[in-house]
Amino acid sequence: MAKLKVAVLISGRGSNLQVLIAACAAPAFPAEIKLVIASRADAAGLAYAAEAGIATAIIPHRDYRSREAFDAALTAALERASIDLVCLAGFMRLLTPAFVARWRDRLVNIHPSLLPAFPGLDTHARALAAGVRFTGCTVHFVRAEMDSGPIIVQAAVPVLPGDDAEQLAARVLAAEHQAYPLALRLIGEGRVRVAGERVEIIGADRAAFPSLLNPSG
Ligand code: GAR
């Protein structure tokens, strides 16, 4: 079967991009990254794309007079590369409803919380302030409202005594690095279906995941 043609959009560090590149390097992986787009020329993650020989484009939002014009430039670049699926990986720009509609169910995002809890910024500090026992990450299809849309994969991590936001962020990031390649593989295998704004995973193993309890005792 032909591999899914993927574009990854980044704004910064690019550690999720790095794990997606590593996952796609396996010959049997059902997706390939054809294009990496950065919204800033200094996005550190661009180096991972260059190392892997992946085409890159820098589309600085400051060069565009409106969000609509910026998003139209994004779509033009994605269409030129015949992209099937767009993965946002630390892409810190709000996309217009028109862009989100154009790529409906072909646009996914990773967010460092168990959505719908803690959308937006400063998720880890807010999780600590709320005293939740678990937080985690979510890979979801994108809808027009920020950090919303049908959930594909979530991974939970415990909040441990004495955690600060940085420690919690590191634990969640490790979970992100598991969750995003898993979500991409499921989509590439054609096992992800959106029905009534919820995701069905075809062939999911119901018995595979025990419940988590925190604190233990
Ligand atoms: C990740 O933690 C990702 O979940 C978050 O930005 C970070 C990017 O890290 N995204 C959001 O907060 C989107 N709302 P990375 O550049 O190392 O992949």
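In listed order, ligands and their atoms are each counted from 1.
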Which pairs would a plain distance check flag for residues 24-31, meaning a side-chain donor or acceptor within less than 3.5 Å of a matching protein atom at least two apart in sequence or in another chain?
none

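- Scanning both residues, Val142 and Val100, for their nearest heavy atoms gives O-CG1, 3.5 Å.
- Closest of all the heavy-atom pairs between Thr138 and Leu114 is OG1-CA, 3.6 Å.
- Both Leu78 and Leu95 belong to a common hydrophobic cluster when Ile, Leu, Val, Met, Phe, Trp and Tyr are linked at side-chain heavy-atom distances under 4.5 angstrom.
- A heavy-atom distance below 4.5 Å is not found between the side chains of Tyr180 and Cys137.
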Report all N/O contacts between ligand 1 and the protein shorter than 3.5 Å as a table of atom names and distances to 0.1 Å; if there are none, say 'none'.
from, atom 1, to, atom 2, distance (Å)
ligand 1, 2 (O), Glu176, OE1, 3.2
ligand 1, 2 (O), Glu176, OE2, 2.8
ligand 1, 4 (O), Glu176, OE1, 2.8
ligand 1, 4 (O), Glu176, OE2, 3.4
ligand 1, 9 (O), Arg13, NH2, 3.0
ligand 1, 14 (N), His111, ND1, 3.1
ligand 1, 14 (N), Asp147, OD1, 3.3
ligand 1, 16 (O), Gly14, N, 2.7
ligand 1, 17 (O), Arg13, NE, 2.6
ligand 1, 17 (O), Arg13, NH2, 3.2
ligand 1, 17 (O), Ser15, N, 2.8
ligand 1, 17 (O), Ser15, OG, 2.6
ligand 1, 18 (O), Ser15, N, 3.4
ligand 1, 18 (O), Asn16, N, 2.9
ligand 1, 18 (O), Asn16, ND2, 2.9

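- Side-chain contact between Arg106 and Val86 is absent, with no heavy-atom pair separated by less than 4.5 Å.
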